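Note that the structure is predicted; figures quoted are calculated from it, not measured. Lettering follows sequence order; numbering is per chain, from 1.
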Amino acid sequence: MSTPYNPEIIELDAQKYWDDAHSFEVGEDADKEKYYCLTMFPYPSGKLHMGHVRVFTINDVIARYQRLQGKHVLQPMGWDAFGMPAENAAIQRGIPPAEWTYANIEDMRGQLKRLGYAYDWTREVTTCKPEYYRWEQWLFTKMFAKGLVYRKNSIVNWDPVDQTVLANEQVIDGRGWRSDALVERREIPQWFMKITDYADELLDELDRMPGWPESVKTMQRNWIGRSEGVELSFNVDGENEPLTVYTTRPDTLMGVTYMAVAAEHPLAKKSAAANPDVAAFIEQCKQTDAQEATLETMEKKGMSLGMSAIHPLSGEEVPLWVANFVLMTYGTGAVMAVPGHDARDWEFAKKHGLPIKQVIVPADGTDIDIEAAVYLERGVLVNSGQYDGLDFDAAFNAIADHFEEIGRGSRKVNYRLRDWGVSRQRYWGTPIPIIYCDDCDAVPVPEDQLPVLLPEDVEVKGAGSPLKDMPEFVNVPCPRCGKAARRETDTFDTFIESSWYFARYACPDSDSTMLDNRAKYWTPVDQYTGGIEHAILHLLYSRFFQRVMRDEGLTDVSEPFTNLMTQGMVLKDGAKMSKAKGNTVDPAELIKKYGADTVRLFMMFAAPPEQALEWSDDGVQGSFRFLKRFWSAVIDHTAAGKAGALDIGMLTDTQKDLRRKTHQTIAKISDDLGRRHSFNTAVAASMELLNAVNKFTDTSDNGRAAEREALESVVVMLSPIVPHICHALWQELGYESAVIDQRWPEYDESAIELDLVEIVVQVNGKLRGRISVAVDIAKDEVEATALADENVQRFIGDNDVRKVIVVPGKLVNIVV
RNA sequence: GCCGGGGUGGCGGAACUGGUAGACGCGCCGGAUUCAAAAUCCGGUUUCUUCGGAAGUGGGGGUUCGAUUCCCCCCCUCGGCACCA
């Protein structure tokens, strides 16, 4: 009777071996080729969920694969420990956020260890600890000194009942999640980082990042949204100040039939003072939350201000409107409207009976009806006086030149990207290192007074930050003049912590500098894996921070992540797993039932990494069954005694077939894991090889040697995916050393050579026959053999053969 | 609304560079083993069919000897939209 597969015993045994041997702790070895393999670190919510298991397993497979390739691999883990859930837990259960967070980290670390990930735990980083966040406070003061941070008003969601700022996710259908009050937009002063200073570099470098998916690069390009346009000013009837607008379509300037300003615009306010209807409309405009999706989908509303701008070319009066879709904080807070050639302007004009004027015609002379449909393409100018007949480029330049000459405008490069607002009106985050003094204004906290410690022993009651009610935190002397001053009580956006943690893993204990020489060894990250939902914000902020650190002299690296993979979500019954939907699956329970290897295997087999993965309990069963088959295949083999050396010169046909399958599989899995990151097909290929071994009944010496070659290859190649069972089976095969210290099996090209090859024969593109021919046969001979095939002849019948296409080694298509 | 994905048997998926659609697994059906069950093993499994074949990769059109793959239009669905992380 052979030993049954007992995952619990072999998994704990393998994990003990790795722990005792410190297998995954790495130093900086200049002689070895480093490979830095990283996943987006988790928020310590308390329980590991399947999404975590998926991304960590993907990364662990890559890390272990690279180790088998001989690389010096770093795979660290840490905690994105600041954030709102800790405050919510504190409110609901009365536990201080720090206590809750640290307890969660303890739990989750244990769960990760049970899954057998090859982490270097000596480098663990926890962002809510002062040793970590002091360095982002320090960097902020450096950025302050360089003018890379500044303060300005910006819009937040304001809950008028709770008297607090809400996060977008706390706004549900325009109402506060706790109070149910209608949310308003409100302007408050906040700190900003000048990411727009780096906009061009962040954009241009995307062209030189072959290791990133095109879709992510496209999303970032569109997000940065570089555009070339013209800023020009319109005089306003009865006003001294001109109204400035930005447009990328100066060629449509003669089509302007109205202009629109934001509700907060000075001209709107002025009109409201005299007109109660406008005042009421402006109040109504504030009754909306601050999300762009809300703004873009809400009903476009507007009202005439009873004022006029003067068209700078025609001198005609153009009515001025206030509109709810124009925002004071974006651009100049005013837009020129060309309803003939802009979709939103067209819709607005139709609704409010404003005139639509066609000033562009299609270049190919097609007739269009501008009242029936807006025309957005670039074309040729009409109804534009001296500019008639010009194309887009000529008109753009002529009109831009004209405004530059008369000093009423200028060419301007504009970005959709806005500066990064980093202030949050919350407690559980990094304190912004600023002190406000009545005389000296905002003063950064001097280096020798850092870190500004976040008090951890607090009571979180509900709305608003407890920091405001802590005089011992707030009241400080001004670092510049010594006068009584007040500390900033806002904290950083938690995206700050995740914008540089990847570099800190290299030197988590460095207490004299943010990054030391060890970061030069390990960065950039060679492989970064995380959710597609981070395609823009986290990844763009990280690219920005890397450059800020570079320009501070901390590193020479500009791009933090050389290769990026974005993995899909884990779904159940077609929906994202969530507590609210009640469709969660607890990894801990599954591990208890089947072991970590089964869970890891299912995760890798059920779907390609980039796609959403549909959870299936039956599928997990199937993975478990496969591991049992894998286990007994090796045990049965070793039970029959030690196999001798393989004699390649004396192979029978069936032995050759198995050996061919073995080496085809080595080639396939090497490519799937190393190049394609196609783990599901790699698992399928292992299953095929194991199926072939199970059908193989040759017990001769050479037969057993061929079988042993197949089994040893599978054990090494599956070890990145199911490391525990492979650790045990490698020992079972009689080896003293551990499978993690093996090298990837070598592919023997001569093993897959064939004498005959099967060729598919089609008639008019339809499969009609198969022929077996020598590999090196000439093209016309293949054609002749194909035409001679009985079934092929039947389908050709009396028809004339018009054409024969021969794809060597693959198929013949006969066209009749 | 805008930007980026995805859509293939009953289900998850495969087909990598335009060349055999459905690898591998699940489920189901049949068989073996068993007193019986679980477990395990073997075989079958896109649909329709007059058993010759025919149709078929979200829908419609196009390019090609040949399209899941390339192009155009449309539908559904998921992710992001700057304070969830």
TODO: Could you check whether A/Thr494 gets within reach of a base, just the sugar-phosphate, or nothing at all, counting any heavy atom under 4.0 Å?
DONE: sugar-phosphate

Sub-3.5 Å pairs of nitrogen or oxygen atoms, protein against nucleotides 22-24 of chain B:
{"from": "B/A23", "atom 1": "O2'", "to": "A/Glu688", "atom 2": "OE2", "distance (Å)": "3.0"}

- [ ] Please work out if A/Asp618 contacts a base, only the sugar-phosphate, or nothing of the nucleic acid, heavy-atom cut-off 4.0 Å.
- [x] sugar-phosphate

- [ ] Remember a base hit wins even if backbone is also touched, and classify A/Val171 as base, sugar-phosphate or nothing at under 4.0 Å, heavy atoms.
- [x] nothing

- [ ] Using a 4.0 Å heavy-atom cut-off across all strands, classify A/Leu571 as base, sugar-phosphate, or nothing.
- [x] nothing

Open item on the list: The criterion is side chain to side chain contact (heavy atoms under 4.5 Å, CB included); which residues satisfy it with A/Ala199, sequence neighbours excluded?
Closed with: A/Ile224, A/Tyr415, A/Leu417

TODO: Taking only heavy atoms on the protein side, list every residue of residues 668-676 of chain A lying under 4.0 Å from any atom of RNA chain B, sorted numerically.
DONE: A/Lys668, A/Asp671, A/Arg675, A/Arg676

Task: With A/Asp345 via salt bridge (charged side-chain N to carboxylate O under 4.0 Å, His left out) - residues at least two apart - done: none

Open item on the list: Between A/Lys194 and A/Asp419, does any side-chain N to carboxylate O distance fall below 4.0 Å?
Closed with: no

Task: All salt bridge (charged side-chain N to carboxylate O under 4.0 Å, His left out) counterparts of A/Arg186, not counting sequence neighbours - done: none

- [ ] Could you tell me whether A/Gln567 contacts a base, only the sugar-phosphate backbone, or nothing, with contacts defined as non-hydrogen atoms closer than 4.0 Å?
- [x] nothing

Open item on the list: At under 4.0 Å between heavy atoms, how does the protein contact nucleotides 38-48 of chain B? Give one character per nucleotide, 5' to 3', with B, S or -.
Closed with: -SSS-------

Open item on the list: Counting Watson-Crick and G-U wobble pairs with both distances under 3.5 Å, what is the dot-bracket string for RNA chain B, 5' to 3', using [ ] for crossing pairs and | for pairs to another strand?
Closed with: (((((((..(((......[....)))((((((.......))))))(((....)))..(((((..]....))))))))))))....

Task: Those residues that, when tested against A/Gln92, pass side chain to side chain donor-acceptor pair (under 3.5 Å) (two or more places apart) - done: none

TODO: Identify, with sequence neighbours excluded, every residue that meets ring pair (Phe, Tyr, Trp, His ring centres under 6.0 Å) alongside A/Phe492.
DONE: A/Phe140

Task: Pair A/Phe82 + A/Tyr133: ring centers closer than 6.0 Å - done: yes

Task: Residues that A/Arg344 engages under salt bridge (charged side-chain N to carboxylate O under 4.0 Å, His left out), provided they are two or more places apart - done: none

- [ ] Could you list the residues that satisfy salt bridge (charged side-chain N to carboxylate O under 4.0 Å, His left out) with A/Lys351, not counting sequence neighbours?
- [x] A/Glu299

- [ ] Could you tell me the separation between the CD1 atom of A/Ile58 and the CZ atom of A/Phe679, rounded to the nearest 0.5 Å?
- [x] 6.0 Å

Which pairs, protein N/O on one side and nucleotides 3-6 of chain B N/O on the other, fall under 3.5 Å?
{"from": "B/C3", "atom 1": "O3'", "to": "A/Asn222", "atom 2": "ND2", "distance (Å)": "2.8"}
{"from": "B/C3", "atom 1": "O2'", "to": "A/Asn222", "atom 2": "ND2", "distance (Å)": "3.0"}

